[in-house]
**Student:** 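Below you'll find the structure I mean.
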Amino acid sequence: MIEINNLRKLYKRVEVLNIPELKFEKGEIIGIVGNNGAGKTTLFSCILDLIQASAGSVSSKGKDVSQTEDWKKYTAAFLDEGFLIGFLKPEEYFEFVGKLHNLSPSTTMEFVQQFETIFNGEILGKKKYIRDLSKGNQKKVGLISALIGDPEVVIWDEPFSNLDPSTQLRIRGLISDYSANKTFLISSHDLDHIAEVCTRIIILDHGKLVKDVQRSEISKEALVAFFTPV
Amino acid sequence: MKAQLLKHAWLEFTRSPALTRNIVQTVLIGFFALYFIFLMVGAALALGPILKDMLPEQDLLLVAGGLLGYYFVMDILMRYFIQKFPALAVKPYLPLPFKKSGLSHYVLFRSLGSFFNLLPLFFLVPFFFKEILPVYPDKALNFALFSIGMVLFNNYLSLGISKYMSARSNWAGILIIGVMALFFLEYNGYFSLFNYLKDGVAVILASPILSGIPLLLTGGIYLYLHRFFKQELYLEKTQSQQNLFGANLSIDGFDRFGDAGKLMNLELKLILRSKRARAYLMTSGLFVLYPLFFVSMESDLMSNPYLLLMVGLFLTGMVGINHGQILLSWNSLHFDLLMSRGNTIHDIFKAKYYFLALACILFFVITIPYVFLNPKILLYSAVMLLYNLAFSLFSYLFLASYTALRVDPNEGGAMSFDGFGIAHYLIMFPIMGLPFLLYLGGSTFGGETGGLLAIVLPSILMLIFYKSLLNSVVNNFRTHRHKIAAAFRKG
């Protein structure tokens, strides 16, 4: 589905990302972990063509993402507030995103309403603009919007941070429920969640890929041990 | 404690983006400030001799008083649309051990640092010492009391108004219609606001007690606002405006533009729901009144083709100049979404072009009634509409495909220049200058018809090649997209 080749990103001659080769397939839930500055968000931004790679390329379905725009039709991401439209109400935002996937407003709302337990009565029908929602509620809106239109690739950057414990568990449930036939990429600092939900785990450190294993090949203890300071 | 607050206010000013982000803008702002000060001081020195020359039989104090009254009426209107009040600037201090009462005084005091309060002083002080004090020593004190009182009164009154009206700006429309009606009545001689003001101010200036009334009223409003702010200064009260008039407007007709239509409805909501974009729209709306400034002048001025071109340029192109110049910057805060999901870059630019083009056409239609004032206004507006659709809009599109700066559309108002870089200032020269050059060239061969054709023909040619122009804008943007998207992320 997604293929990364000799991808390098430098900021003022400091290398922040260097990945010789990496492939993500359909049906995989890939958890990317790494300390601050490991390059997780940089990697996501390259996959979404939001930043220019210094060298190498990312292709989606065999086409270079920086050369075509086809991938935009089947890729959905929520990295940060830059993906939210603050002056819209949540419903309008969902409908807008739905329209981008040629869904009618009613179809979109029908889809979105099933997440009411996650929204906890604080998002739909509140007549608040997204810019006036709390950080946690903004995050819920962004995460759910990335599921609209049944995209084949979903990218969530730190989906668990800023959320209450119950919602974290619900979001974790969503990942398993909605990952069929999708390439699901998430990053997180929460090793527990990653170990619990991902089918494949990738560890980045200072821009380099240091571990790429199937979930079955690594125990949670080994994962925690990897990040335990010596 | 108070000294700390004042020091922070000073730092906020000297470190404000307008003064630090780019040098060209700082220089330009400094230049404008000096220009206005120069105008004010110049007016103060020249007004006396001019009035004595034009109306030798009239009492200078009376006429000047009437003019001042007129100015203060206009001032309150201008403040309503443009002046911003730094109420939210105290938010970070609320959890700190400052007294609410002190913070409230601070908010009220800071509002005095506005352009609107400082500028009239550059007129009033020299005028007072040159014309009033030497000639009317007995009324000088009254004049000083009255004029300073009015500046303060207007400041706090508009602060009060903005606090009350901020939830509903439907008033703006009523105000605009009111001003238009006033202009019309005054121009046609049905009603003279000026005469009423002149007589009123004359009565006031005759008595020190009456002259002190504005100051007294100011005191009253100040105390009232102080009590209001003391109670209202809470962290939770800082929610943004909602349910403004028309904020839920959505135009289904945009859907006929396909994928671009979805983005056009987004643009509409952006304008209606963001403070600055809304303020820009208001300014564009005010420019509809622009020709009224000329009708009150001598009528042969209205037959000057260059003046008519300028009127046409602004009537149909103001939305472009205001809103279109920082085309993509309006979407800074959600640009990553636009760049990665669903729509293509081509959709984005197509939506921007159609939206602005429809706005230009809408303004053209609104101003058709000017045909009753002067049929030529319609002709020249139509010519300039074509020019704006072709040359102006594509200039903004091309500019946006090269460079852009981050803008928070909900920050600032009609007088904020965030998002404008040197290129945005420079591009105004060809946009504003070209129609005059084309006309000049054309008219030397074919008179007025030749001049107008020299503008119309190239514009139509550009519109014929609309598709390839749009494609080259898109291709150009593709080369610069990462740089622009990165600029939008810098908060």
Side-chain angles (χ1 to χ4, degrees), chain A residues 9 11 41 44-54 60 65-89 92-93 95-103 105 126-133 142 145-146 148-149 151 153-155 157, chain B residues 236 238-244 247-248 250 252 254-255 258-259 261-263 265-278 330-348 406 408-411 474 478-486 488-489 491:
Chain A
K9 179 68 190 173
Y11 283 113
T41 310
F44 289 164
S45 301
C46 284
I47 294 174
L48 294 166
D49 187 43
L50 294 175
I51 57 175
Q52 189 170 23
S54 309
S60 185
V65 293
S66 68
Q67 301 302 319
T68 62
E69 298 188 77
D70 301 349
W71 56 274
K72 293 181 182 179
K73 289 280 173 217
Y74 60 83
T75 306
F78 180 65
L79 304 192
D80 54 28
E81 319 80 76
F83 288 78
L84 293 173
I85 304 179
F87 55 85
L88 294 183
K89 294 168 195 155
E92 294 169 335
Y93 175 68
E95 283 168 11
F96 172 74
V97 171
K99 267 194 194 170
L100 295 179
H101 293 275
N102 294 319
L103 298 179
K126 283 288 152 197
K127 294 188 177 160
K128 264 188 178 182
Y129 294 151
I130 292 176
R131 66 181 177 223
D132 293 324
L133 296 177
S145 78
I148 294 172
V153 178
V154 177
I155 302 178
D157 196 11
Chain B
E236 61 200 346
T238 52
Q239 214 187 53
S240 68
Q241 307 176 6
Q242 304 231 335
N243 302 320
L244 289 165
N248 289 324
S250 144
D252 293 336
F254 285 160
D255 289 344
D259 286 341
K262 300 162 190 168
L263 296 170
N265 261 317
L266 189 70
E267 188 84 6
L268 182 69
K269 286 220 166 64
L270 187 150
I271 293 182
L272 294 172
R273 295 178 179 182
S274 311
K275 226 162 79 189
R276 181 168 163 201
R278 221 181 142 95
W330 294 114
N331 303 88
S332 305
L333 302 185
H334 54 266
F335 203 64
D336 283 347
L337 177 79
L338 294 189
M339 289 300 286
S340 66
R341 191 145 186 203
N343 50 269
T344 61
I345 294 170
H346 192 271
D347 294 334
I348 297 176
R406 181 185 164 101
D408 181 344
N410 209 35
E411 293 274 314
V474 171
R478 288 191 65 84
T479 9
H480 297 100
R481 68 187 188 279
H482 294 114
K483 187 187 75 187
I484 290 171
F488 287 163
R489 274 176 223 127

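Lettering of chains follows the sequences in order, A, B, ..., and the numbering in each one begins at 1.
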**Student:** Is there side-chain contact between A:F87 and B:H334, with heavy atoms separated by less than 4.5 Å?
**Tutor:** yes
**Student:** Between A:G86, A:G149, A:A146, A:P151, which shows the greatest number of heavy-atom pairs under 4.5 Å with chain B?
**Tutor:** A:A146
**Student:** Under the criterion salt bridge (Lys or Arg N to Asp or Glu O under 4.0 Å), which of B:R478, B:R481, B:R341 is the partner of A:E69?
**Tutor:** B:R478
**Student:** Among A:I85, A:D80, A:N102, A:T75, which has the most heavy-atom pairs under 4.5 Å with chain B?
**Tutor:** A:I85
**Student:** Any idea which heavy atoms bring B:H482 and A:I51 closest together, and the distance?
**Tutor:**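 Closest approach of B:H482 to A:I51, heavy atoms only: CD2-C, 3.3 Å.
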**Student:** Check each atom of A:L88 against the heavy atoms of chain B and say whether the ones under 4.5 Å are side chain, backbone, both or neither.
**Tutor:**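 Contact with chain B involves both backbone and side-chain atoms of A:L88.
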**Student:** Of the backbone (N, CA, C, O) and the side chain (C-beta and beyond), which part of A:I130 lies under 4.5 Å from a heavy atom of chain B, both, or neither?
**Tutor:** neither
**Student:** Keeping the roles fixed (side chain from A:K72, backbone from B:G342), state whether a donor-acceptor pair exists under 3.5 Å.
**Tutor:** no
**Student:** Which distance, rounded to the nearest 0.5 Å, do you find between the CG of B:L338 and the CG of A:L100?
**Tutor:**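 With rounding to 0.5 Å, CG (B:L338) is 8.5 Å from CG (A:L100).
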**Student:** Within the structure provided, determine whether A:L48 and B:M339 are in side-chain contact (heavy-atom separation under 4.5 Å).
**Tutor:** no
**Student:** Measuring only between side-chain heavy atoms, which start at C-beta, is A:L79 closer than 4.5 Å to B:D336?
**Tutor:**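 No, too far: nothing below the 4.5 Å cut-off.
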**Student:** Checking heavy atoms, do the side chain of B:D408, its backbone, both or neither come under 4.5 Å from chain A?
**Tutor:**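 Neither; nothing under 4.5 Å.
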**Student:** Looking at side-chain heavy atoms only, is the closest gap between B:N410 and A:Y129 below 4.5 Å?
**Tutor:** no
**Student:** Counting C-beta onward and ignoring hydrogens, is there a side-chain heavy-atom pair between A:Y93 and B:L266 closer than 4.5 Å?
**Tutor:**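 The answer is no, as the side chains (C-beta and beyond) never meet within the 4.5 Å cut-off.
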**Student:** Is B:L333 in contact with chain A via its backbone, its side chain, both, or neither, using a 4.5 Å heavy-atom distance?
**Tutor:**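 For B:L333, the backbone is the part near chain A, not the side chain.
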**Student:** How long is the straight-line distance from CD of A:E92 back to CZ of B:R273, given to the nearest 0.5 Å?
**Tutor:** 4.0 Å
**Student:** Using non-hydrogen atoms and a 4.5 Å limit, figure out which bit of A:Q67 sits close to chain B: side chain, backbone, both or neither.
**Tutor:** backbone
**Student:** Shortest non-hydrogen contact from A:F83 to B:S340?
**Tutor:** CE2-OG, 3.3 Å
**Student:** Examine whether an atom of A:S45 lies under 4.5 Å from a heavy atom of chain B, and if so say whether it belongs to the side chain, the backbone or both; otherwise answer neither.
**Tutor:**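 Contact with chain B: none, neither part.
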**Student:** Can you find a side-chain donor-acceptor pair between B:N343 and A:K99 that sits under 3.5 Å?
**Tutor:**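 Result is no, nothing qualifies.
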**Student:** If you measure from CZ on B:R489 to CG on A:L50, what distance do you get to the nearest 0.5 Å?
**Tutor:**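 The CG atom of A:L50 is 5.0 Å from CZ of B:R489, to the nearest 0.5 Å.
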**Student:** Counting only non-hydrogen atoms closer than 4.5 Å, does A:Q52 touch chain B with its backbone (N, CA, C, O), its side chain (CB onward), both, or neither?
**Tutor:**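 For A:Q52, the contact with chain B is made by backbone and side chain together.
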